[in-house]
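First up is the structure itself, then whatever we jot down about it.
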Amino acid sequence: MSRLENRIVLVSGGASGIGAATARLVVREGGKAVLADRDETKGRALADELGDGASFVPLDVTDEAAWARAVAGTVERFGAVHGLLNAAGVGVRNSIEDCTLAEYRRINDINALGTFLGCKAVLPAMKRSGGGSIVNISSVLGLRGASYAMAYCASKGAVRLLTKHVALHCAQMKYDIRCNSVHPGYIDTPMIAPRLDQTIGNMSGRQWLEELHPLGRLGRAEEVAAMILFLLSDESAFSTGSEFVCDGGLTA
Ligand SMILES: NC(=O)c1ccc[n+]([C@@H]2O[C@H](COP(=O)([O-])OP(=O)(O)OC[C@H]3O[C@@H](n4cnc5c(N)ncnc54)[C@H](O)[C@@H]3O)[C@@H](O)[C@H]2O)c1
């Protein structure tokens, strides 16, 4: 028996990195993945590669009407929606002194407000589908601060507590919809690629980031996707409102 047989999962940020790795796993485990991303070229290419088990919808997660179209498109294509992965996100380095208002808004609009809009947009269709599971990607930087990532930490901390509200609300309303957050350490995806070639002291950016993790390496998108698959499936049926850390020991 496949772990996501006939489950339909909408994946924001599905064109790249952790979202793309999760879409691949969903299809491999018998489910259907709808890749939703602002990168239409990469998103359509991956959906084509995955074949009948996948499709693509264009989505800017900061646009409420686009979310409505993405959810409607998912139901139109596959008949229901049982899972939502909010993986779209952007990272940027800044401090309280150098972050502009426009930059703070941009990061929080994509990472935090985008996750709010995703959860809100999917609930009516998920209820009609008989329940489901929402997974929001926060970060280790949603659990603790960093001197170099003010707006990112603020946005990911918001995702962490938004998740708990959605979980408690759905439980109280008896919707049979769970919602959990995932907190990755540094994962080798296009998001952090620009940092790997930088020099920090006498180290490359890659070495510096690797050494933050007691396991001594970066994580792989597939390793985070495996945790997300667990959360999307019934194997995690008694987990809601919880934080799932995948960080090579970074926060231990
Ligand atoms: N890579 C890491 O080290 C790391 C660590 C912790 C958390 N995360 C989080 O994991 C999630 C996935 O990141 P990733 O590492 O796979 O990065 P990635 O850059 O490979 O993928 C992010 C995707 O989000 C899409 N996206 C960005 N803004 C969007 C918007 N406004 N609307 C729609 N799509 C948009 C991009 O087009 C891209 O396809 C993000 O939320 C990120 O903050 C990543």
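Atoms within a ligand are numbered from 1 in the order they appear, just like the ligands themselves.
- In the vicinity of Gly17, heavy-atom distances shorter than 4.0 Å reach the ligand 1 atoms 16 (O), 20 (O).
- Across the listed options Asp37, Val11, Ile192, Asp37 owns the non-hydrogen atom lying nearest to atom 38 (C) of ligand 1.
- Each of Val71, Val34, Leu35 was checked for a side chain to side chain contact (heavy atoms under 4.5 Å, CB included) with Val57, and the lone residue meeting it is Val34.
- For atom 11 (C) of ligand 1, the candidate residues are Ala36, Ala87, Gly19, Gly89; the nearest heavy-atom contact is made by Ala87.
- Taking a cutoff of 4.0 Å between a charged side-chain nitrogen and a carboxylate oxygen, Glu49 and Arg24 qualify as a salt bridge.
- Taking all heavy atoms of Arg106, Lys42, Met191 into account, the minimum distance to atom 44 (C) of ligand 1 is reached by Met191.
- Below 4.0 Å from some heavy atom of Ala88 lie the following atoms of ligand 1, by number and element: 24 (O), 26 (N), 34 (N), 35 (C), 41 (O).
- Taking every non-hydrogen atom of Ile18 and a distance limit under 4.0 Å, the qualifying atoms of ligand 1 come out as 10 (O), 16 (O).
- Looking at Arg7 and Asp234, a side-chain N of the basic residue comes within less than 4.0 Å of a carboxylate O on the acidic one, giving a salt bridge.
- Within the 4.0 Å heavy-atom cutoff, Ala221 does not count among the residues contacting ligand 1.
- In the vicinity of Ile137, heavy-atom distances shorter than 4.0 Å reach the ligand 1 atoms 9 (C), 10 (O), 11 (C).
- Residue contacts with ligand 1: Pro190 is included, with a non-hydrogen atom under 4.0 Å away.
- The closest side-chain heavy-atom distance from Arg93 to Arg195 is below 4.5 Å.
- The heavy atom nearest to atom 4 (C) of ligand 1, considering only Ser139, Gly185, Gly91, is found in Gly185.
- Close contacts between ligand 1 and Tyr152 involve ligand atoms 6 (C), 7 (C), 8 (N), 9 (C), 42 (C), 43 (O) [criterion: under 4.0 Å to a heavy atom].
- Remark: Leu196 pairs with Asp188, Ile192, Arg206, Leu209, Leu218 by the side-chain contact (heavy atoms from CB on, under 4.5 Å) rule, at least two apart or across chains.
- In this structure, Lys156 has a heavy atom closer than 4.0 Å to ligand 1.
- Among residues two or more places apart in sequence or in another chain, the ring-ring contact (aromatic ring centres under 6.0 Å, His included) test is passed with Phe56 by none.
- Set against the non-hydrogen atoms of Tyr186, the atoms of ligand 1 under 4.0 Å away are 3 (O).
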